[in-house]
Amino acid sequence: MELVRINENNLGELEERIPPDVAENIGREYYRGIATADGDASDGAALVWELKNAEALENKSAELIWMSDPSGQYGEELLAEFRGEAGEENLKGLETYVAYSV
């Protein structure tokens, strides 16, 4: 399974997987997202998070904003990728205030 970063260039292809109120934040400086490269809205998975206090020297964190994995197959891989990418930002902690959608 291949994962892709969600950005303004591929959002049109992935927007059926992401609610409009979440999708509108893609492209903002501190919002990040990943999705499965394959699948459609019925079985493709996606995850969006926001970096918090990104410009601070301390207390940086990542808040998982939204996640969807209708098939139930990709959640662990998406979360592992989230932890890895967020960890690259030298964050103090990963917050999990989640509006989780299945």
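Starting from 1, each residue takes its place in the sequence as its number.
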Counterpart residues, side-chain contact (heavy atoms from CB on, under 4.5 Å), relative to [X] (two or more places apart):
X: Glu13; answer: Asn10
X: Glu2; answer: Val4, Ala37
X: Ile26; answer: Ile6, Leu11, Val48

message = Test of understanding: with side-chain hydrogen bond (donor to acceptor under 3.5 Å, both in side chains), list the residues that count as partners of Glu15, not counting sequence neighbours.
response = none

note = Across all chains, not counting sequence neighbours, the side-chain hydrogen bond (donor to acceptor under 3.5 Å, both in side chains) partners of Asn7 are none

message = Does any part of the side chain of Glu85, heavy atoms only, come nearer than 4.5 Å to the side chain of Trp49, both counted from C-beta?
response = yes

ask   = Quick one: are Thr36 and Glu77 in side-chain contact, heavy atoms under 4.5 Å?
value = no

inquiry  = Main chain of Tyr74, side chain of Asp69: is a donor-acceptor contact present, judged purely on distance under 3.5 Å?
reply    = yes

task = Give a yes or no answer on whether the side chain of Arg28 reaches the backbone of Glu50 with a donor-acceptor pair at less than 3.5 Å.
result = no

message = With rounding to the nearest 0.5 angstrom, report the CG to CD1 distance, Leu78 to Ile34.
response = 5.0 Å

ask   = Rounded to the nearest 0.5 Å, how far does CG of Asn25 lie from CZ of Arg32?
value = 12.5 Å

inquiry  = Testing the basics here: between Gly44 and Pro70, what is the closest heavy-atom pair and its distance to 0.1 Å?
reply    = O-CD, 3.4 Å

